[in-house]
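What follows is a short report on a single structure.
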Protein chains: 2
Amino acid sequence: MNGRFPIALHIMTLLCSAEGGVLSSEYMAGSINVNAVLVRKELSNLIKHKLVSSQAGKNGGYTLARSAAQITLAQIYETVKPEAVLGQAKNQPNPACPIGKQINQHISDLYIDIDRALMQKLGDTDLKAFVAKFD
Amino acid sequence: MNGRFPIALHIMTLLCSAEGGVLSSEYMAGSINVNAVLVRKELSNLIKHKLVSSQAGKNGGYTLARSAAQITLAQIYETVKPEAVLGQAKNQPNPACPIGKQINQHISDLYIDIDRALMQKLGDTDLKAFVAKFD
DNA sequence: TTATTTGTAATAATTTTTATTACAGTACAA
DNA sequence: TTGTACTGTAATAAAAATTATTACAAATAA
């Protein structure tokens, strides 16, 4: 399991708490304590999903693309969401086995269901509310 | 992300569909198409959680430890559940940063919440109902 | 007593994740 | 117009996690 969601959430939290001021990827990498290129990659992805804006050049950096009240944790999770919520084996189940032949379809159906519940839960909290919990 | 949950679910599905008959780890490995030692390890874990019983020796193998109607998908997930539902970065956020200092606690709180919702959802389906979907 | 099976350890191979280096492009400001 | 401080991204290396393989002791049925 990778750390993309916590990192994306950490980034978004920093940007929210900066209250409109720009932050550099180096600064954020320092807070997260992770390589700055990884932060820039994640930022790049967040920009693609229109949650973050950037400005190149001197005094450039990153800001939220819209107000924190309009960004839910579900939207943040969406940017890093894996194919399979509860994990994916890299095996190809035996198609000659009556169970093996069908299991992937049923797991996939289950995952759609789980994902819906998860997104609903994450949709309950917006970034502003999440950050309001910090002292 | 690893494939433990799908593998555990595949195992449980096979045992359920065997209707009380014993299955060997080799047979299950053939259906899942994964190494038999990995299957035995997962079975070992399922036994520890009292969902599966085993019998060593010739004609030995594995069976469900109780009726499939009394086993929920939540109980199966419980046996393989990772520390952090939505992933864990291996970094140690900067304690000198006001956000970094607190983020892990807030992520942890969020995860407890998410986990509760997830377990509730998975608790809705028992193994019998899951397997009933197979043709 | 032989064959088959679980249980587990040790190790190797593979894959995924993260870090590092490098550099082109942008923009500000002196 | 030149230097400086950024973003954006590619290429590669290092580290960590996952899965496969080999080996073998212990159990038990026939």
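What's counted below: heavy atoms across the whole structure, side chains too, no hydrogens, waters or symmetry copies. Please read these numbers as outputs of a predicted model, since none were measured by experiment.
- Annotation: side chain of B:S25 is in contact with side chain of B:L43 (closest heavy-atom distance under 4.5 Å).
- Residues A:L118 and B:L86 form a side-chain contact, since some pair of their non-hydrogen atoms from C-beta on lies under 4.5 Å apart.
- Across all strands shown, B:E26 has no heavy atoms under 4.0 Å from either base or sugar-phosphate atoms.
- Contact of the A:H10 side chain with the A:V34 side chain is not registered, since no non-hydrogen atoms from C-beta on lie closer than 4.5 Å.
- The outermost nucleotides of DNA chain C lying under 4.0 Å from heavy atoms of chain A, listed 5' to 3', are C:dT17 to C:dC28.
- A:I107 contributes atom CD1, which lies 12.5 Å from atom CD1 of A:I112 (distance to the nearest 0.5 angstrom).
- One distance of note links OG1 of A:T13 with CD1 of B:I103; it measures 4.0 Å at 0.5 Å rounding.
- Side-chain contact between A:Y111 and B:F5 is present, with heavy atoms from C-beta onward closer than 4.5 Å.
- Looking at heavy atoms from C-beta onward, A:L73 lies out of side-chain contact with A:M12 at the 4.5 angstrom threshold.
- Contact check for A:L23 versus A:S31: no side-chain heavy atoms found under the 4.5 Å cut-off.
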Write out a two-atom table: protein N or O, nucleotide N or O from nucleotides 3-5 of chain D, distance below 3.5 Å.
from: D:dA5; atom 1: N3; to: A:K58; atom 2: N; distance (Å): 3.4

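- Taking the side chain as every heavy atom from C-beta outward, A:N59 and A:V22 never approach each other to under 4.5 Å.
- Position along DNA chain C of the nearest nucleotide to B:Q88 versus B:M28 favours B:M28 as the more 5'-ward residue.
- Within residues 60-67 of chain B, the residues having any heavy atom closer than 4.0 Å to DNA chain C are, in order of number, B:G60, B:G61, B:Y62.
- A:M1 is not listed as a side-chain neighbour of B:Q88, based on a closest heavy-atom distance of 4.5 Å or more.
- Note that CG of B:D109 and CG of B:N104 are 11.0 Å apart. Values are rounded to the nearest 0.5 Å.
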Compile the donor-acceptor pairs under 3.5 Å between side chains in residues 120-135 of chain B and protein atoms, sequence neighbours left out, one pair per line.
from: B:D126; atom 1: OD1; to: B:K128; atom 2: N; distance (Å): 3.1
from: B:D126; atom 1: OD1; to: B:A129; atom 2: N; distance (Å): 2.7

Show the distances under 3.5 angstrom between N or O atoms of the protein and N or O atoms of nucleotides 13-17 of chain D.
none

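- In terms of modelled atom types and a separation under 3.5 Å, the side chain of B:N33 and the main chain of A:N94 share no donor-acceptor contact.
- DNA chain C lies under 4.0 Å from at least one heavy atom of each of the following residues of residues 33-50 of chain B: B:V37, B:R40, B:S44, B:I47.
- The CD1 atom of B:I7 sits 12 Å away from the P atom of D:dT18 (whole-angstrom rounding).
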